[in-house]
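Here is the structure we will look at.
Below, chain A is the first sequence line, B the second, and so on; all start at residue 1. Computed over heavy atoms, backbone and side chain alike; hydrogens, waters and symmetry mates excluded. Predicted, not measured: the structure shown is a model, and the values here were computed from it.
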There are 2 protein chains.
Amino acid sequence: MRKIADSTVRRLSLYLRLLEEFAHEGVETVSSQALARRGGTTAPQVRKDLSFFGSFGMRGMGYRVPELVSRLRDILGLEREYVVVIVGAGKVGSALAQFREFASRGFNISAAYDHDPAKIGREWEGIAIRDVARLDRDLAARPADIAIVAVPAEGAQPVTDRLVAAGVRAILNFAPVPLAVPADVTVKHVNMVLELETLSYALRHR
Amino acid sequence: MRKIADSTVRRLSLYLRLLEEFAHEGVETVSSQALARRGGTTAPQVRKDLSFFGSFGMRGMGYRVPELVSRLRDILGLEREYVVVIVGAGKVGSALAQFREFASRGFNISAAYDHDPAKIGREWEGIAIRDVARLDRDLAARPADIAIVAVPAEGAQPVTDRLVAAGVRAILNFAPVPLAVPADVTVKHVNMVLELETLSYALRHR
DNA sequence: GGATGTGAATGTCTTCACAGCT
DNA sequence: AGCTGTGAAGACATTCACATCC
C-alpha cells in the first residue's frame with residue numbers, strides 16, 4: 001500500500017470517533033458532508049481520505065455507519081488488542097496509567113516500570129509498578145506491542161534502546177528529546193510545553 | 001507577517017529547547033548542520049525556518065547560541081509570562097496542574113476549576129481547585145491568556161463558550177470533541193488515544 | 001573555506017469539479 | 001436528484017543549489 005500521510009491517519013481516527021457517536025445516536029447512514037461538518041473538515045477531504053483505502057460508500061446515499069466503523073477499525077488496526085507498557089512512574093506515567101480510555105479502546109497496560117524503590121511494588125488501579133531492572137526479562141516473557149516512555153530526558157534513549165532490543169516496534173515518547181530508533185520502529189513524540197508554545201506563538205502574532 | 005506553517009512553529013520550539021541544551025553545555029556557536037543533527041531534521045530546513053523571521057546567523061560561522069535563543073523566545077512569544085487556567089480537575093487536569101515544566105517556562109497556572117464539591121477547596125501543589133460556577137467572575141477579575149479544557153466531552157463546548165466570552169483567546173483542548181470558536185481564538189486539540197491509534201495504524205501497515 | 005540566506009524546483013497535501021452510480 | 005469516488009489543479013511545505021558574505 002502506498003504511503004498515507006500522518007494527517008490522513010489522524011483524521012481517520014477522528015472519523016471513527018464521530019461515527020461511533022452517530023451510531024450511538026441511532027443514525028444509520030451518514031454523508032461525507034455530515035461527517036465533515038461534525039469533524040471540522042470538508043466533505044471532499046473525507047471522501048479523499050477514505051478513497052485511499054477503498055470505496056465504502058453508496059453513491060446517492062452516503063456511508064452505512066456500522067460498516068464504515070468496522071472498516072475504519074480494520075484500517076487503523078483496532079480489531080485486535082495491544083499490550084502496552086509504561087516506563088517511568090512519575091506524574092505523566094501515573095496519569096496515563098489511570099487513563100480509562102486506553103483500556104476501553106483495546107490498549108491494555110500490562111505494567112509500569114520505575115527505579116524508585118518507594119514506588120516499586122505499589123499499584124495504580126490494578127496496574128503494578130515494577131522494577132525497571134526487570135523490564136527486559138518481563139518483555140521476553142510477555143512481549144509488548146507499544147511502549148510509553150515517560151522518563152526524564154537523560155534516561156529516554158537508553159530505555160528506548162532496551163525496548164527496541166526487546167522487540168517493541170511502536171513508542172509514544174513523552175520525554176523532551178528526539179529518540180533514535182531503527183527504521184522499522186515508529187515513534188510519536190508528545191510534548192505539552194511545545195503545545196503551549198504554539199499557543200503563545202499564536203497569541204503573539206496578530 | 002505572512003502565515004507560518006504550524007510545522008514550522010513546532011520546529012522553532014524544538015530548536016529553542018536544543019539551543020538551551022547547547023548553551024547549558026557551554027557551546028557558543030552552532031551551525032544549522034549541528035542543530036539539525038540533534039533535532040532530527042535537515043540543515044536547509046533549519047535555515048529556511050529561521051529565514052521566515054530574519055537573518056540571525058553569521059555566514060561562515062553559524063549562529064551565536066545566546067542570541068538565537070533570545071530571538072526564538074521573542075518569536076514564540078516567550079519573553080512574557082502567561083496566566084493559564086485549567087477547567088476540569090479530573091485525572092488529566094490534575095496531572096497537568098502538577099506539571100512543573102509549565103511554570104518553569106512561564107506558563108503560570110492560576111487555578112483549576114471543577115464542579116465536584118469533593119474537590120472544590122482542595123489544592124494541588126499550591127494550585128487551588130475552585131468552583132467552576134465562579135469561573136466567569138474570576139476571569140473578569142483576573143483574565144487568563146490560555147485555558148486548558150480537561151472536562152468530559154459533553155461539557156467542553158459550553159465551558160469553551162464561557163471562556164471565549166471571558167476573553168480567553170487560546171485553548172488547549174483535551175476533550176475528545178472538536179470545539180467551535182470564533183476565528184480570533186486558537187484551539188490546539190490533544191488526544192492520547194488518537195496518538196496510540198496512529199501507532200496501531202503503523203504496526204498494522206507493514 | 002565555511003556556513004548562511006533564499007529563489008527555484010520538487011514533492012506532498014488539499015481542494016475542486018465532474019463523471020458515474022443509486 | 002443526491003452523493004460518492006477520483007483525476008487534475010492548486011496550495012503549501014520541503015529540498016536543493018548556489019550566490020553571498022565572514
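- For DNA chain D, the span of nucleotides reached by chain B at under 4.0 Å from its heavy atoms goes, 5' to 3', from D:dA13 to D:dC22.
- A residue-by-residue look at A:T42 and A:M61 shows that A:T42 has its nearest nucleotide of DNA chain C further toward the 5' end.
- Identified under the salt bridge (charged side-chain N to carboxylate O under 4.0 Å, His left out) test for residues 139-156 of chain B, with sequence neighbours left out: B:R80-B:D145.
- Applying the ring-ring contact (aromatic ring centres under 6.0 Å, His included) definition to pairs two or more places apart or across chains, none involves residues 4-36 of chain A.
- Every ring-ring contact (aromatic ring centres under 6.0 Å, His included) that A:F102 has, sequence neighbours left out, goes to A:F99.
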Give me, pair by pair, the N or O atoms of the protein and of nucleotides 16-20 of chain C that are less than 3.5 Å apart, along with how far apart they are.
{"residue": "C:dG20", "atom": "N3", "partner": "A:R59", "partner atom": "NH1", "Å": "3.3"}

Donor-acceptor list for residues 164-181 of chain A side chains, cut-off 3.5 Å, not counting sequence neighbours:
{"residue": "A:N173", "atom": "OD1", "partner": "A:A175", "partner atom": "N", "Å": "2.9"}
{"residue": "A:N173", "atom": "ND2", "partner": "A:A175", "partner atom": "O", "Å": "3.3"}
{"residue": "A:N173", "atom": "ND2", "partner": "A:V177", "partner atom": "O", "Å": "2.9"}
{"residue": "A:N173", "atom": "ND2", "partner": "A:H189", "partner atom": "NE2", "Å": "3.4"}

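- Listed by residue number, B:R11 are the residues of residues 8-41 of chain B with a heavy-atom contact under 4.0 Å to DNA chain D.
- Here C:dT6 presents its P atom at 13 Å from CG of B:D49, a figure rounded to the nearest Å.
- Qualifying salt bridge (charged side-chain N to carboxylate O under 4.0 Å, His left out) partners for A:R100, counting only residues two or more places apart in sequence or in other chains: A:E125.
- Scanning for ring-ring contact (aromatic ring centres under 6.0 Å, His included) contacts around B:Y113 gives an empty result, with sequence neighbours left out.
- Between the P atom of C:dT6 and the CZ atom of B:F53 lies a distance of 13 Å, rounded to the nearest Å.
- Qualifying salt bridge (charged side-chain N to carboxylate O under 4.0 Å, His left out) partners for A:R47, counting only residues two or more places apart in sequence or in other chains: none.
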For residues 56-74 of chain B, which side-chain N or O atoms pair as donor and acceptor with protein atoms under 3.5 Å away, sequence neighbours left out?
{"residue": "B:S70", "atom": "OG", "partner": "B:E67", "partner atom": "O", "Å": "3.2"}
{"residue": "B:R73", "atom": "NH2", "partner": "B:L78", "partner atom": "O", "Å": "2.8"}
{"residue": "B:D74", "atom": "OD1", "partner": "A:R204", "partner atom": "NH2", "Å": "2.9"}

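- Distance, B:F52 CZ to C:dG7 P: 11 Å, rounded to whole Å.
- Rounded to the nearest 0.5 Å, atoms OG (B:S13) and CG (A:L194) are 3.5 Å apart.
- For residues 128-137 of chain B, every residue pair satisfying the side-chain hydrogen bond (donor to acceptor under 3.5 Å, both in side chains) rule, not counting sequence neighbours, is listed here: B:R130-B:D138, B:D136-B:R162.
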